[in-house]
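Worksheet: the structure to be examined is printed underneath.
Chain letters run A, B, ... following the sequence lines, proteins first and then strands; every chain starts at 1. Predicted model, so just to flag it, every value in this text is computed and none were measured. The basis for the numbers below is simple: all heavy atoms, side chains too, and nothing from hydrogens, waters or symmetry mates.
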Amino acid sequence: MPFLARPRKTHLLYAPFLFSLRPTHTRAFTKNVISITTATTSPEAYQNLGFLLRNCKTIDQLKQIHSLTIQKGLALDVSVYSKIISLCSTSRGGDMEYARHVFDKMLEPNVFLWNTMIKGYSRINCPNDAVSLYKEMLEKNVKPDNYTFPFLLKGFNRDISVECGKGIHGHICKFGFDCNEFVQHSMIHVYCLCGLINMARKVFDTSAKGDVIIWNTMISGHNKTGQFQESRKLFDEMEEKQVLPSLVTLVSVLSGCSELKDLDYGKRVHQYVKDGRIESNLTLNNSLINMYAACGQMNVALGIFCDMKDRDVISWTTIIKGFVSIGQVDQAREYFDLMPQRDSISWTAMIDGYLKMNQFKDVLLLFREMQAANVKPDGFTIVSILGACANLGALELGEWVRAYTEKYKIENDVYVGNSLINMYFKCGEVEKARMMFHKMPRKDKFTWTAMIVGLAINGHGREALNMFAYMLDALETPDEITYIGVLGACTHSGLVNEGRSFFISMTTKHGIEPNVVHYGCMVDLLGRAGQIKEAYKVIKDMPMKPNTIVWGALLGACRVHKDVEMAEKAAKQLLQLEPENGAVYVLLCNIYAACKKWDNLRDLRNIIMQRGIKKTPGCSLIEINGSVHEFVSGDKSHPQCQAIYLKLEEMTEDLKLAGYLPNTSEVFLDIGEEEKENAVNRHSEKLAIAFGLMSSSPGTVIRIVKNLRMCVDCHHVAKLLSKIYERKLIVRDRTRFHHFRQGSCSCKDYW
DNA sequence: TTAGGGTTAG
């Protein structure tokens, strides 16, 4: 600041400073500045200084006056220091370093100044500095007053609340401020921050509760910890005590209603607006839309949306989310296309809609549009995209997404990490999933569960169970889905006794009552191990009505172990639940064919024809150079169709040279043997393999995702091909992975 | 003190 070096030319150097003042102040300021520059330490100079300080509006003005007083050797009194410190601490462009500098020059700052400094640190979100200053204050025997604690606690974040919250509470009691309403309010805020909701509630319950803000804080605290019922109870209590809720109260309570999908209560809150007791604004209207949308009342939500004077991007996104939640993704898209502007949240809401409806290709298409629109994806978007990659088995794209998050420094939190683990497993990349897991700085229940499930479906049952043991060591609590993974690990590796004992311990050790899916796992476990009667007994004894998963598991076991009698029982039950389920007929046909029950097969085929039952077409996906190609059985729609069929012929020749005989035992069409061979030969996974072989360089892994179970013939062919062409083939079918290498499969032919 | 988005199975 050159003017400090040349004080005599003050009138010129101060020019920019003077221009920044409002016109009404200009004359007085000019006069006073000049009088300071000309006078010495006369009483008049001090008077002028007081005037200047009272009227200065910005930190810059203040600093200039301060430097001037130093120049002139004016001794400052406490009121001047106070003015400097409070302006630096509390104004918008404040300067805490400057405030601290001045503060440290003071011999015995009073409690007001300590408080002001603490308030300043809280305002700039430096709670650690505020706490050290508070400690310093105590060391210098300055007693805190009723302002100290609210100022101190206002700036607390979660970390420091956990670290010092309780200690500060002790001080509050010691200094006798535990009954001060403002202090109580701050305490509730801090306890809510660190999740100690019961402590917050204790403070709240002893407070006078006269002010609506304290109610709002408590309701918001309950919301943050997911205790929405408690929020509603408090709202009831407010009505009883005739405390008029504010707009904020209604927004918070509505948020709870949305979570609980409690339409009746939501309507009661809405009544406050309808009766004119609370005047609505944009936020409240958005909350109302969200509540009605969450409760599936899209017509009401749209009614409010249409009546609103102003709508923002949140209003639009809430409508989109509403349609997505009731599965009307096309309606959601209509509104999405109409939006005047979209941010990353709106894009993600729409992308997520496609993901929830299993429209994975639309997910990727919309993601490309999002990039073309120059909207930067964030962690939430990445999670959705990785979900689509996982479902499509699109490893290349998944890898690209990972590189993208690293390059653009998208927050790589536990959600993104979990999604990456899941994506790698669903693409059969076990090693990369493991690496991801070890790299994650924070792991949660979902991380462990993703590992257990992923290892299990990829055939590493033992490792999955070890992972479960580590999870318990890490004091992470398993949930019902973790146990589905654990039981699946036992099933896929044939660990029957372990499975039985886990089924018992999930209740005895973790209080998780098995649901219908867990019973399905047990039926699968026992059935695949050949204990079909025991499996049937599980179904008979289970406390709920068995569903299609349970009977389907039994039917699958009957196929593996060729148990016609039990298969018929299971199929009958399945068809009662889902008369149009083509897969059941197919499986039963497979079993009749495999057991050479030709009469039964013929009868069943007739029934299929009469009822017009359609089989779900087999469909295989393969990703080549970042594009996903889809094949159905006998597909001729691919642009490179001719070359694919040529490759298929070449493949068949090579297979026959290696001693391959087609296995048509699972073909139940009423056609000749040659046609059966033809049909088997055109299964979707064989077309995908042929395409993979011709489109990728030697030695690369071929990955395929199939919607149905692999047939015996395709499984056999894949094993042979892995040896003939020295290629690793990974096929993900409906329930598990097959890693084909050197002529054998990771499933040990047990699927 | 307030409104819109994400992870595990079948």
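Separating the CD1 atom of A:Ile278 from the P atom of B:dT2 is a distance of 16 Å, rounded to the nearest angstrom. Going from atom OH of A:Tyr335 over to atom C1' of B:dG4 covers 17 Å, rounded to whole Å. Between the C1' atom of B:dT8 and the CG atom of A:Asn458 lies a distance of 15 Å, rounded to the nearest Å. Between the NZ atom of A:Lys356 and the P atom of B:dG10 there is a distance of 18 Å, given to the nearest Å. One interatomic measurement links the two molecules: NZ of A:Lys445 to P of B:dT7, which rounds to 13 Å at whole-angstrom precision. Between the CG atom of A:Asn515 and the C1' atom of B:dG10 there is a distance of 10 Å, given to the nearest Å. Going from atom CZ of A:Arg732 over to atom P of B:dA9 covers 10 Å, rounded to whole Å. Rounded to whole Å, atom P of B:dG5 lies 20 Å from atom CZ of A:Phe367.
Of the candidates B:dT7, B:dT2, B:dA3, B:dT7 carries the atom nearest the A:Phe446 side chain, counting heavy atoms from C-beta on. Comparing B:dA3, B:dT1, B:dT2 against the side chain of A:Asn290 picks out B:dA3 as the nearest. Closest to the side chain of A:Phe380, out of B:dG10, B:dG6, B:dT1, is B:dG6. Of all nucleotides listed (B:dG5, B:dT2, B:dA3), B:dA3 comes nearest to the side chain of A:Asn286. Picking from B:dT1, B:dA9, B:dT8 the nucleotide with the shortest atom distance to the side chain of A:Asp479 gives B:dT8.
Taking the six-membered ring wherever Trp is involved, the centroid distance between the rings of A:Tyr265 and A:Phe228 does not fall below 6.0 Å. Centroid-to-centroid, the aromatic rings of A:Phe336 and A:Trp347 come within less than 6.0 Å. Aromatic pair A:Tyr483/A:Phe503: centroids not less than 6.0 angstrom apart. Outside the 6.0 Å centre-distance limit, the rings of A:His189 and A:Phe156 are not counted as a close aromatic pair. No close placement of the A:Phe737 and A:Phe425 rings is indicated, their centers lying 6.0 Å or farther apart.
Within residues 297-317 of chain A, the residues that have a heavy atom under 4.0 Å from DNA chain B are, in order of number, A:Asp312, A:Val313, A:Ile314, A:Thr317. For DNA chain B, the residues of residues 341-353 of chain A within the heavy-atom distance limit of 4.0 Å (strictly under) are A:Asp343, A:Ser344, A:Ile345, A:Ser346, A:Thr348, A:Asp352, sorted by number.
Judged by distance alone, the side chains of A:Thr318 and A:Asn290 never bring a donor and an acceptor atom under 3.5 Å apart. For A:Ser246 and A:Asn216, the side-chain atoms include at least one donor-acceptor pair closer than 3.5 Å.
Taking the six-membered ring where the residue is Trp, A:Phe305 and A:Tyr335 present perpendicular rings, their angle passing 60° and hence far from 30°.
Looking at heavy-atom distances under 4.0 Å, A:Ile549 makes contact with sugar-phosphate atoms alone, never a base. Among the atoms of the strands shown, base atoms are found under 4.0 Å from some heavy atom of A:Leu247. Across all strands, A:His189 comes closer than 4.0 Å only to sugar-phosphate atoms, never to a base (heavy-atom distances).
Contact between the side-chain N/O atoms of A:Ser252 and the OP1/OP2 oxygens of B:dT1 is not found at any separation under 4.0 Å. Between A:Lys321 and B:dA3 there is no side-chain polar atom (N or O) within less than 4.0 angstrom of OP1 or OP2.
Contacts classified as salt bridge (Lys or Arg N to Asp or Glu O under 4.0 Å) and involving residues 463-485 of chain A (residues at least two apart or in different chains) are given here: A:Arg434-A:Glu463, A:Lys445-A:Asp479.
When each of A:Val300, A:Val251, A:Ile304, A:Thr283 is tested with A:Leu288 by the rule side chain to side chain contact (heavy atoms under 4.5 Å, CB included), just one qualifies, namely A:Ile304.
With hydrogens and angles left out, the side chain of A:Asp378 and the base of B:dG5 share a donor-acceptor pair within 3.5 Å.
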